[in-house]
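If you read the sequence from its start, that first residue is 1, and numbering goes on from there.
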Amino acid sequence: MAELHQRPTTLCCCRKVLPASGGRCGELGGAGPGPGAGPDPGAGGRCPPLDVASASNFHCFQLRHLHLDLRLNFAVKEMSGWLVLDLAPVRPGVQTLVLDSHPSLLIHSIDCKVPGSGQDGPVSLTYRVDPFTDYGSSLNISLPAAVKPSRLFQITVRYTTTDGPAIWWLDSELTCSQSRPLVFTQGHSVCNRSFFPCFDTPAVKSTYTATVRVPDGVTVLMSASRSSYSKQDRVFQFSMEFPVPSYLVALVAGELQHVDVGPRSRVWAEPCLLSCAVNKLGGSVERWLGVAEDLFGPYLWGRCDIVFLPPSFPIVAMENPCLTFIIASILESREFLLIDVIHEIAHGWFGNAVTNATWEEMWLSEGLATYAQRRITTEAYGTAFTCLETVFRLDALHRQLRLLGDNNPVSKLQVKFEPGVNPSTLMNLFTYEKGFCFVSYLSQLCGDVKRFDTFLRAYISEFKFSSVVAQDLIDYFLGYFPELKDAAVAQREGLEFERWLNGCGPPLCEPDLSAGGALTRPVQELCELWAGGDPPDPQALATFDLSSWSTFQTVLFLDRMLDRSPLAHEVMVSLSSCYSSLFDGLNAEVQIRWLQMVVRNSFYPDLPRVRAFLHKHTSRMYTVPLYEDLVAGVMKCVAVEIFYQTQSRLHPNLRRTLQQILFQTSAVAANQNSPALSLIPPSPSPSPSPSPQPPQPGAGTTAAIALRDVNVSA
């Protein structure tokens, strides 16, 4: 890990719940509300985030707009061009602009224009690039004396970037069609500093435009509200008219086609995938949008397009505004596809419109989006369906807790970042499910879910296009419901808001999920039949028809059986006889769980199914959990053999990760460009694998536990 800059690390009051009459801490401005918003110290303040080099002075400037002008060169896997930042100082005497950057960025030159200063043309600036952490650098730019408070100035950075953690170049062999190469970016959480120099913090938002030049036959999409294309010049133009943080600037370019599936939504994919994607989604996107608008107010982003990306996409889905990225592998699993897309739609309100100002409070995005997703599915598919999905996820949360321990600090909603900790490594189920439980508790306090819907509509209206901390949400909640404030609900014994946010361990309470009993009860009864240590009576099994079960019922059954592993060999023989042929015809979410049972129980008769699965599936979400289980047991030689047979079809980043699993090479080298996390509620691997072991305190600079280390398949 690179040596860190000396930066403030003292905790301040926004890490704890303040009295409702309190306020925000510090002097670091967050993004103010309204289009073009940037740091606004007059609006209160935020703690300096430890994960950005620009924390030293992003509060000193208001970012009005950014523009990218890029040329894509697939032959050498390179983006080159320039970035233009429209800035206004908000404090006098600032002589240096600090931006987040990355070693993969080659800076060619930087210049500055200060309109109205009397300067003729741009002025060339001096700069230096300093080490920051293993996931980024510090770009320090010396500003001219003409830069004065409230006077707009323009910084232009000419640069080239290749294969940093945000940019994934796919050779044609790694695409679905295997005919043309493709490139995409993935900015969450702090990867986009390798895409362009930026204030890489969710506290800073701005509008943006982009010009992208590409070879003939390449289509470019960006997370933008408007786009145009000049065929003669092979130039795509984009405009995002609403302010967004840097991590939500996203690009994909390749052989892409589209079909409109609604008045404001279209599906994009490679030609060989398009008809399947359209058939799976149909007219559902507009239906889900309509339900969400009824609950939370108008959809603010105009377009709601979806692009399906090849299996090398490192996560399940990403809520880039106007253009959701989603992995094509999930098309196999209709119910998971439904949940994933609805979750990303929910982010249009929670996460994109109103954003967590610091990654230490990621639950403000993911917990609220998970709650909103479940309100949408309840309205669209009924309470029982939503309760089943929630039981499945909460099972996974408690499974993760059993591995980590109730006192592990990553189980807090407000996680303290130590210097140098990449926030992506702390992406876990707690931000989703513990956050969801807290939001559900707030809803219960209202006494009526519809009242809470009304509150959330008002919350979005109040804070849209800004970034907030937990105290903003809590203050607004108590102000909106003064009777709850008068009843001191924030200090209710055992359920204190402070304890919710800063306490380790499981949620303080969970919502009533009994309405899903008709779907969950058969699962539990079947598990109990198989849990006796001997194969169950065939007549008792005959009453359970798994072919009629939903995917969530089947995966819940397999998850709970994995919790009971290892099983007696006779039980595995009977399980295989009853179900393995059925599972072969079901989707990958079901298959991977059965195959994990095969591996963890060393059930060799079904080992060919493991081989076939890993030869077919090259997604991180399916390969990593199986390889971890193979290595943890007695099948490492099988894993090595399969890896050498399939490695040519794996993305280099995934290949490095699997090499680390198989051969215990440097974890840093293996994961440098490959965030192993999910930005929708992850599809949990059923029970903790004994290998690899989580980092021990004192071993290295941090004991943070990455999502992959708790064996959650994303």
Side-chain angles (χ1 to χ4, degrees), residues 66-84 99-110 127 129 134-137 139 156-187 191-198 210-223 229-238 246 249-256 270 307 309-314 325 618 647-657 659 669-675:
L66 70 85
H67 175 75
L68 289 166
D69 194 302
L70 298 172
R71 183 181 299 274
L72 307 189
N73 188 329
F74 285 86
V76 295
K77 298 180 180 178
E78 181 180 276
M79 295 185 189
S80 59
W82 58 88
L83 161 77
V84 181
L99 298 175
D100 296 289
S101 186
H102 191 272
S104 62
L105 284 177
L106 176 62
I107 307 297
H108 301 300
S109 67
I110 301 178
Y127 62 92
V129 178
D134 64 333
Y135 58 86
S137 305
L139 177 58
T156 300
V157 182
R158 287 173 171 78
Y159 71 100
T160 299
T161 186
T162 51
D163 59 350
I167 303 174
W168 295 63
W169 296 92
L170 304 187
D171 294 329
S172 57
E173 295 80 10
L174 296 180
T175 65
C176 295
S177 65
Q178 299 188 358
S179 59
R180 297 184 71 107
L182 184 142
V183 64
F184 61 84
T185 67
Q186 166 51 35
C191 293
N192 262 2
R193 61 190 69 187
S194 69
F195 182 15
F196 56 93
C198 57
T211 300
V212 185
R213 296 167 172 80
V214 292
D216 191 34
V218 174
T219 297
V220 184
L221 309 174
M222 290 191 75
S223 53
Y229 173 57
S230 169
K231 186 174 182 179
Q232 180 179 352
D233 301 320
R234 299 198 301 275
V235 172
F236 287 82
Q237 303 273 2
F238 300 95
S246 58
V249 178
L251 175 151
V252 57
E255 185 183 20
L256 299 169
E270 294 177 74
V307 57
L309 297 179
S312 295
F313 188 55
F325 286 13
T618 57
Q647 62 175 330
S648 63
R649 294 187 291 110
L650 304 175
H651 189 277
N653 294 343
L654 176 58
R655 197 181 308 148
R656 285 193 290 270
T657 297
Q659 285 171 335
N671 291 296
Q672 181 180 5
N673 292 333
S674 51

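In this structure, Val157 and Leu105 have side chains that are not in contact, with every pair of non-hydrogen atoms separated by 4.5 Å or more. Here the side chains of Pro310 and Glu270 are in contact, with some heavy-atom distance below 4.5 Å. Taking 4.5 Å as the limit, every side-chain heavy atom of Val84 sits out of range of all side-chain heavy atoms of Asp69. At a threshold of 4.5 Å between non-hydrogen side-chain atoms, the residues Arg234 and Tyr229 count as touching. Within the 4.5 Å cutoff, no side-chain heavy atoms of Thr175 are placed close to those of Glu255. In this structure the side chain of Val218 never reaches within 4.5 angstrom of the side chain of Leu72, judged on heavy atoms.
In terms of heavy-atom proximity, Leu650 sits nearest to Leu654 at CD2-CD2, 4.0 Å. The two atoms that bring Gly187 and Asn192 nearest to each other are CA-OD1, 3.3 Å, heavy atoms only.
Separating the CG atom in Leu99 from the CG atom in Leu83 is a distance of 7.5 Å, to the nearest 0.5 Å. Summarising the geometry, atom SG belonging to Cys191 is positioned 6.5 Å from atom CD belonging to Gln186; distances are rounded to the nearest 0.5 Å. Here the CD atom belonging to Gln237 is positioned 11.0 Å from the CE atom belonging to Met222, to the nearest 0.5 angstrom. Rounding to the nearest 0.5 Å places CD1 of Ile167 at 6.5 Å from OG of Ser104. A distance of 8.5 Å separates SG of Cys198 from CG of Leu66, quoted to the nearest 0.5 Å. Here the CD1 atom belonging to Ile110 is positioned 4.5 Å from the CG atom belonging to Leu139, to the nearest 0.5 angstrom.
Side-chain N/O atoms of Ser172 and Gln178 include no donor and acceptor closer than 3.5 Å.
Heavy-atom contacts from other residues, nucleotides or ligands closer than 6.0 Å to CZ of Arg71 number 12 or fewer.
The one candidate from Pro311, Pro181, Pro652 that meets the side-chain contact (heavy atoms from CB on, under 4.5 Å) condition with Leu174 is Pro652.
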Chi angles and distances behind the side chain to side chain contact (heavy atoms under 4.5 Å, CB included) call for Phe196, Val249
CA-CA 10 Å; Phe196 56 93; Val249 178; 4.0 Å; yes

Let me see the working for Arg158 and Thr156 under side chain to side chain contact (heavy atoms under 4.5 Å, CB included), right down to the final yes or no.
CA-CA 7 Å; Arg158 287 173 171 78; Thr156 300; 3.4 Å; yes

Set out, in order, the CA-CA distance, both residues' side-chain angles and the distance that settles side chain to side chain contact (heavy atoms under 4.5 Å, CB included) for Val220 and Phe238, then state yes or no.
CA-CA 10 Å; Val220 184; Phe238 300 95; 3.8 Å; yes

Start with the C-alpha gap between Met79 and Thr185, add the side-chain angles, then the distance that decides, and say whether side chain to side chain contact (heavy atoms under 4.5 Å, CB included) holds.
CA-CA 11 Å; Met79 295 185 189; Thr185 67; 4.3 Å; yes

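Sorted by first and then second residue, the side-chain hydrogen bond (donor to acceptor under 3.5 Å, both in side chains) pairs with a member in residues 74-84 read Lys77-Asp171; sequence neighbours excluded.
In this structure a side-chain-to-backbone donor-acceptor pair under 3.5 Å is missing from Ser194 to His102. At least one donor-acceptor pair under 3.5 Å links the side chain of Tyr159 to the backbone N or O of Phe195. No donor-acceptor pair closer than 3.5 Å links the side chain of Asp100 to the backbone N or O of Arg193. Arg655 places a side-chain N or O within donor-acceptor distance of the main-chain N or O of Gln647, the cut-off being under 3.5 Å.
Taking Trp169 as the reference, Phe74 meet the ring-ring contact (aromatic ring centres under 6.0 Å, His included) condition, with sequence neighbours excluded. Under the ring-ring contact (aromatic ring centres under 6.0 Å, His included) criterion, Phe313 pairs with Phe184, sequence neighbours left out.
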